[in-house]
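Step one of this worksheet: look at the structure below.
In what follows, chains carry the letters A, B, and so on, assigned in the order in which the sequence lines appear, proteins first and then strands, with residues in each chain numbered from 1. Every heavy atom of this structure was used, including side-chain atoms; hydrogens, water molecules and symmetry mates were not.
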2 protein chains.
Amino acid sequence: MTTKRKTIKDIAKESGFSLSTVSLVLNNHPRISPATRERVMAVVKKYNFFPNSAARGLASKSSRTLSVVIPNLTRVFSDIYLGEIISGIYERATSLGYKILLDIATAQFVKSQEYTKLLASRRADGMLFIASDIHANYLEVFEDSPFKFLLVNHFFPGKKLNYVSVDYAASARLAAEHLLGLGHRKIGLIAGTNTHTGLKFRDEFLQLCKQWPAGAAKAIWVDGGEEWSQRGGYAAAAKLIAQEPGLTAIMAANDRLAIGAMRWLADNKRAVPEDISVMGVDDIQLAAFVNPGLSTIRHDLHQVGIEACNRMLQLIKGEIEECSDLLPTSLVVRGSTARMRGK
Amino acid sequence: MTTKRKTIKDIAKESGFSLSTVSLVLNNHPRISPATRERVMAVVKKYNFFPNSAARGLASKSSRTLSVVIPNLTRVFSDIYLGEIISGIYERATSLGYKILLDIATAQFVKSQEYTKLLASRRADGMLFIASDIHANYLEVFEDSPFKFLLVNHFFPGKKLNYVSVDYAASARLAAEHLLGLGHRKIGLIAGTNTHTGLKFRDEFLQLCKQWPAGAAKAIWVDGGEEWSQRGGYAAAAKLIAQEPGLTAIMAANDRLAIGAMRWLADNKRAVPEDISVMGVDDIQLAAFVNPGLSTIRHDLHQVGIEACNRMLQLIKGEIEECSDLLPTSLVVRGSTARMRGK
DNA sequence: CTTGTTATGTTGAGCGGTTTACTGCACAAT
DNA sequence: ATTGTGCAGTAAACCGCTCAACATAACAAG
C-alpha cells in the first residue's frame, strides 16, 4: 500500500516552521524571507510535495479551473475551427495557472443542466461556451446570473450574454466589397443558418449587395447545411447554379463550404476564377493549398480563444462586469476571385 | 453583490434535518427514508443547491475527475483519430459521474512535470494518456507508482505501464494475410515510425511477408512522416514506386496515408486496384467514400476510449492492479484491393 | 418482560489547506 | 527612555462536506 500522503503539516514539522509559513511559501507570499523560503522548499522538493487542490479550492474559494463546452458534432474534433479556439484557450489558461475542464454539449449535458451544476458546485470558476447554435435558449439562465459565463465566437441577439467573437458583420462587409468591387453583380451565397453569427453574416452580406452604390447586385442564397462541410458546399453550389446559371461569384460562409463549391464547379466544367469567382471565410490552412488558392476572410480563431480567456479572467476577478468584444477580420485575396469578365 | 451561497448547513436548517442527513440524501444513501429524502430534496430544489465539489473532494478524497492528455500536434483537433477516442472517453466518464480535465502534452507540460503535479495534487484521480510517442520516456515515473496511469492506444515495450490499445500486431497479420492471400509478392509499406504501435505494425507486417508459407514476398518500406497525413502518403507512394516500380500492392499504416498514396497513383496513371492494390488502417469515414473504396483494417477507437475509461475506473477502485488490454481488429474489404493480375 | 433486530437519524471528528489578526523584535527617530 | 515602523512568522478560525460510530424507536421473538 501507498505510504501516507504528505500534507502541508508534515512539511511544516520537518522544516521546523509553522503550518501557515509553509502555506505562504507555497503561495509565493512576499512576507516570507528568502532564507525561510529556501529551507521550506528543500523539504517540499525532497518529498515532491504538491498541495491538495481540493483543500486549496475549499479554503480559497476558487477552483482555478475553467469549463470549456464544445458542440456535440459527431466529427467535432475533426473541426479545425474548434481546434484553433481550444488551443488558444488552453495556451492562455495554462499560462494563467488555470486548468481546463472539458464538456460536450450533448442532449444529456443540457438536460441534466450540467452547465449550471458545474458552476454552482464550483467545479469551475467560469464557463467558456463554444457550443452555441440558435437553439441554445437554455443559456438564458446566465443572464444577470452571478456565474461567469462567456460565449466564444458567438452571440445571442437580444440576450445579455457575454461574448468574444470575430466580427461577422465586418467580414460580410469585407467580402461583399471585394466581390462587388470586382464588378460582380450576380452573386450566390452559401449561408450557415444554424448560428446567429451565420445569420448575421448572411443578412449583412445580402444587404450590402442590395445597397451597393455603384449598382445593386442580384444576390441569391441557399443553406449550406448544419455542418458547414465540404459536402454541404458541393450540394449548395449545385443548387445555386441550377437556380441562377448566370452567377459570376459564389460566396460561402466558410472555407470548407467554399472548397466544396469549387469542387462542384470543377466537376461541372466551370473555371475558377475565369467563369466564376469563389470566396470563403476563416482562412483555414487548406485554403492556401487548393487550386486556385481560395480568397477568403481571415478569422484568427486562436486569438479568439486567447481573448476569451483573458476576458473570462477579468470577469472572474471582477475587473469587468460584462463583455461583448468583436475582433477584427481581414481580407485575404488569392486566386479564386477575379474581376468579372467583360461580356 | 451575490447573496451568500447556500451550503448543506442551510439546507439542513431549513428542512429540519441534520447536516449529515442532507449529505446522505445528496449521495443517495439507502439509509434515508423516502419521506425524508423528499422533504430534503424539496429544499434542495428550491434553492437549486449543488454541493461544493471542493469540499466534497476534500472529505471524500476523490476528485471524480480524470485527466486526459492529448498530443501537441498543431492540427490535433483536426485528427479524427483523437476525436473518436476522446468522445469514447467522454461518453463513458460522464456516465460514471466523472469529469474530464484536458491537457495538451506541450513542451511546457512535460518540463513542468504537470503530469505528476496533476495526480499528486489530486486534481485528477487518474490519467489517460493519448499523447505518447516513442520519446515520452519521462512517463517511466509511473512505473510502480501509486498514481493511476493508463496509456490509450499505445504501449511502451519494456516498461511497466498500463495500456488499452488496439492490437496492432493482429492488424498487421490481417493486412498481410489479405494482401498475400490475393497473390501479391511485391509489397510496399508506408510505415509510421514515431510510435511504438507503428513500429510494431511495421515489424510484424514485414516479418509475415518474409515468412509467408505460400512463398515469401518482397516487402520494402518507407517512412510516412510524423503526421501520418495524406500529404505524407502522397510523398511516400512516390518514393516507393521510384524505389521499386514493380510493386503490386501498397500497405499504409493508416487510412490517411493510404488515401494520399491513392491520390499519387491517380496522378501518375496507375489504376487502383487493377495495377496496384492499396490498403489502409483505421477505417475512417472517408475510407468508404474515396473511389475506389479503401480496403482497411477497422480500428474501433471510440471503443478504445470507452474501454480505457472502464479500466481506469477499475484501477482507481483497486479492482485491478494493472492493465494491458489489446482490442481486436477486423478486416474491411472494399474496392482498393484485388487479386494480383496474372501476368 | 427482556433481549434482539431492523430501520432511520444524528453527532462529531476529520479532510488539508488559506488567511486575518496578532506577536515579537530590531532598528530608527524623537 | 519612549514611541513608531516595518519585517518575519504564527495561531487559530474557518472553508463545506463525508462517514464511522453512536442513539433511538419500533416491533418481533423468546
Next item on the list: For ring pair (Phe, Tyr, Trp, His ring centres under 6.0 Å), just list the numbers for A:Y138 and A:Y115, CA-CA rounded to whole Å, side-chain angles, deciding distance to a tenth of an Å, and then say yes or no.
Entry: CA-CA 10 Å; A:Y138 56 88; A:Y115 47 96; 4.9 Å; yes
Next item on the list: Could you walk me through whether A:E143 and A:K159 pass the salt bridge (charged side-chain N to carboxylate O under 4.0 Å, His left out) test, one step at a time?
Entry: CA-CA 7 Å; A:E143 289 185 295; A:K159 294 208 203 300; 5.4 Å; no
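The distance between atom CG of A:L58 and atom P of C:dC15, rounded to the nearest whole Å, is 14 Å. Rounded to an integer number of Å, the gap from B:R123 CZ to C:dC15 P is 22 Å. Summarising the geometry, the separation between CG on B:N27 and P on C:dT8 is reported as 18 Å, rounded to the nearest angstrom. One can place CG of B:N28 at 16 Å from P of D:dC17, the figure rounded to the nearest angstrom. Between the CD1 atom of A:I32 and the C1' atom of C:dT18 there is a distance of 13 Å, rounded to whole Å. As rounded to whole Å, 8 Å separates atom C1' of D:dG16 from atom CG of B:L19. The separation between A:R64 atom CZ and C:dG17 atom P is 17 Å, rounded to whole Å. C:dG17 atom P lies 12 Å from atom NZ of A:K6, rounded to whole Å.
Across all strands shown, A:S33 has heavy atoms under 4.0 Å from sugar-phosphate atoms exclusively, and none from any base. Within the 4.0 angstrom heavy-atom criterion, no nucleotide atom of any strand lies near A:L26. Using a 4.0 Å heavy-atom cutoff across all strands shown, A:T21 reaches at least one base atom of the nucleic acid.
One N or O on the side chain of A:S87 and one on the backbone of A:E84 form a donor-acceptor pair closer than 3.5 Å.
A donor-acceptor pair shorter than 3.5 Å cannot be found between the side chains of A:S62 and A:S60.
Considering only the side chain of A:K61, D:dC15 comes nearest among C:dG16, D:dC15, C:dT10. Comparing D:dT18, C:dT8, D:dG9 by their nearest atom to the side chain of A:R31 picks out D:dG9.
Residue A:L24 is the one, among A:L24 and B:A54, whose nearest nucleotide of DNA chain D lies closer to the 5' end (criterion: closest heavy atom). If you find the closest nucleotide of DNA chain D to A:P34 and to A:S20, the one lying nearer the 5' end belongs to A:P34.
Applying the 4.0 Å criterion to OP1 and OP2 of D:dC15, one finds that B:N52 has every side-chain N and O outside that range. In terms of phosphate contacts, B:T7 brings no side-chain nitrogen or oxygen within less than 4.0 Å of OP1 or OP2 of D:dG16.
For B:K6 and B:F49, the positive end is not near the middle of the six-membered ring at less than 6.0 Å and at most 45° from its axis.
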